[in-house]
A.B. asks: 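Sharing a structure below in structure tokens format, with a few things to ask.
Any value given below was found using the heavy atoms of this structure, including those in side chains, with hydrogens, waters and symmetry copies removed. Every chain is numbered from 1 and lettered A, B, ... according to where its sequence line falls, protein lines coming before strand lines.
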Protein chains: 2
Amino acid sequence: MSKQELLPELLELFRQQGYDGVSIAHISKATGLGKSSLYHHFPEGKEQMARELLEYIHGAVKQHFVAPLKTDKEPRKKLTDMAQVVESFYDGGRKWCLIDGMTLGEANSLFQAQISRSVEAWIQAMADVAIECGLSKKMARERAENALIAIEGGLIVSRATGNYQIFKRVVRSLPSIVLDGHE
Amino acid sequence: MSKQELLPELLELFRQQGYDGVSIAHISKATGLGKSSLYHHFPEGKEQMARELLEYIHGAVKQHFVAPLKTDKEPRKKLTDMAQVVESFYDGGRKWCLIDGMTLGEANSLFQAQISRSVEAWIQAMADVAIECGLSKKMARERAENALIAIEGGLIVSRATGNYQIFKRVVRSLPSIVLDGHE
DNA sequence: GTCTATACTAGGATAGAC
DNA sequence: GTCTATCCTAGTATAGAC
């Protein structure tokens, strides 16, 4: 089994259980690989798995979230395209965001740098779309931050209330959060 | 040592480390009590600690977040009062929200009901202020949800980027999120 | 590259003395 | 109500065979 098959499994485990909640035994069961096989792929254990997962996710962010924002389509169309990917990646709010479980306790200091790199890339790409529509650099940045805040907050509030309509509504409002009044 | 002294310690541990990340040994060290003393207070162990903590937090939510919204002050004033409490409770974004660490993995099913009760109480209180300003029930609810989404998302994005100005900005915008255009 | 077996540590929980 | 001592399980990690 190759890492490209392992990493999607790791994503599902870490995003649902959080860094502390995932054990090698869980991973072994989920992947069907024995513990020793896992240590063959990741000699430094769970910490290395998380690091490589975050690298993998960084690529996925660029490919799935950022790329639709860098096409030559209409600004609002770019954002609705992104929003659709977001809705499906988080399965309508039923799947957690990796950030939550990777920024608790000691994991926070271990992975904060990697996480912020992905988050910054995404925010910047959304801000660029806002700038394209004539917003100032400062306002574009704020609106892009607000879009990410809405996504992350929407996930938390949806799962806290058990009402996933909230996430759906939030995702649909993303283009407006970034662009309203500037098209 | 009484539970009223223990619970604030538990809050700090669980909000920072998450349910899975907290061990009895951590709690023992943080409180200065031996393991057996902790089991004397909480015979069912960590799960009971979390349950009682969430009860305690439910009271704190009503007292600190909801109560300022039920005074006879001006609507916007109620929300700025609440926002100030929020900023200090989360230490300007540097302290996590309990929800994050209590809704990962198995903890989610254990505590979701208790969490949603507190969250609903808070949302409803914010919605009532919006209704007081003439918003429809449906719009008031949406705006109250958006306020909580902003708080929770602001915490996540602040810690993911390491930039706590974001949380500060979000907290200051709370009254506008709930009331703008209806005063 | 994967397995079985094993070592060791940390975490959860209890018994019984004071 | 708190302590020391202990038990058991789960978790991390490694050795060595195939």
A.B. asks: A:Y19 has an atom OH; how far is it from atom P of D:dG11, in whole Å?
C.D. replies: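 About 14 Å, once rounded to whole Å.
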
A.B. asks: Please determine which of A:R141, A:R143, A:M82 meets the side chain to side chain contact (heavy atoms under 4.5 Å, CB included) test together with A:M126.
C.D. replies: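 Only one option passes, and that is A:M82.
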
A.B. asks: Looking at D:dA13, does its base get a donor-acceptor pair with the side chain of A:S36 below 3.5 Å?
C.D. replies: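 Checked by distance alone, the answer is no.
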
A.B. asks: If I take atom NE2 in residue B:H26 and atom C1' in nucleotide C:dA10, what distance separates them, rounded to the nearest angstrom?
C.D. replies: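 That distance rounds to 10 Å.
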
A.B. asks: Checking all strands, does B:G21 fall into the base, sugar-phosphate, or nothing category for heavy-atom contacts under 4.0 angstrom?
C.D. replies: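 Nothing: the residue B:G21, judged by heavy atoms under 4.0 Å, touches no strand.
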
A.B. asks: Are B:Y39 and C:dT14 close enough that a side-chain N or O sits under 4.0 Å from OP1 or OP2?
C.D. replies: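 It does not, given that no N or O in the side chain of B:Y39 lies less than 4.0 Å from OP1 or OP2 of C:dT14.
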
A.B. asks: Could you check how far NZ of A:K3 sits from P of C:dG1, rounded to whole Å?
C.D. replies: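 Whole-Å distance recorded here is 10 Å.
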
A.B. asks: Which sits closer to the 5' end of DNA chain D, B:H41 or A:K35, going by the nucleotide each is nearest to?
C.D. replies: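 It is B:H41 whose nearest nucleotide is closer to the 5' end.
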
A.B. asks: Quick check on C:dT2: is either OP1 or OP2 less than 4.0 Å from any side-chain nitrogen or oxygen of A:H40?
C.D. replies: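 For C:dT2, OP1/OP2 do not have a side-chain N/O of A:H40 under 4.0 Å.
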
A.B. asks: Looking only at the side chains, is there a donor atom on one of B:N163 and B:R169 sitting less than 3.5 Å from an acceptor on the other?
C.D. replies: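 There is no such pair (donor and acceptor under 3.5 Å, judged by atom type) between the side chains of B:N163 and B:R169.
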
A.B. asks: Scan side-chain atoms only and decide if B:N146 and B:E142 contain a donor-acceptor pair under the 3.5 Å cut-off.
C.D. replies: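 Judged by distance alone, the side chains do not pair up.
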
A.B. asks: What's A:K46 touching, base or sugar-phosphate or nothing? Going by heavy atoms closer than 4.0 Å.
C.D. replies: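 Here A:K46 touches the backbone only, sparing every base.
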
A.B. asks: Whole Å only: how far is the NZ atom of B:K29 from the P atom of C:dG11?
C.D. replies: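 After rounding, the gap between these two atoms is 11 Å.
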
A.B. asks: To the nearest Å, give me how far apart CD1 (B:I27) and P (D:dT2) are.
C.D. replies: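 About 15 Å, once rounded to whole Å.
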
A.B. asks: Which whole-number value in Å describes the distance from B:L38 CG to C:dG11 P?
C.D. replies: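 Whole-Å distance recorded here is 14 Å.
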
A.B. asks: Scan A:Q16, A:R15, A:R159 and name whichever one has a side chain to side chain donor-acceptor pair (under 3.5 Å) with A:D100.
C.D. replies: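 Single side chain to side chain donor-acceptor pair (under 3.5 Å) partner of A:D100 among A:Q16, A:R15, A:R159: A:R159.
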
A.B. asks: Kindly compute the distance separating NZ (B:K46) from OH (B:Y39), expressed to the nearest 0.5 Å.
C.D. replies: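 So the NZ of B:K46 and the OH of B:Y39 are separated by 9.0 Å.
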
A.B. asks: How long is the line joining CD of B:E5 and C1' of D:dT2, in whole Å?
C.D. replies: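 Going from B:E5 (CD) to D:dT2 (C1'), I get 14 Å.
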
A.B. asks: Please tell me which of the listed nucleotides, D:dT2, C:dG11, C:dT2, lies nearest to the side chain of A:L33?
C.D. replies: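 For A:L33, the side-chain atoms sit closest to C:dT2.
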
A.B. asks: For B:I24 and D:dT2, give me the distance from atom CD1 to atom P, rounded to whole Å.
C.D. replies: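 Computing the B:I24:CD1 to D:dT2:P distance gives 15 Å.
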
A.B. asks: Would you tell me if any nitrogen or oxygen in the side chain of A:S37 comes within less than 4.0 Å of OP1 or OP2 on C:dG1?
C.D. replies: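 A:S37 to C:dG1 OP1/OP2: no side-chain N or O under 4.0 Å.
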
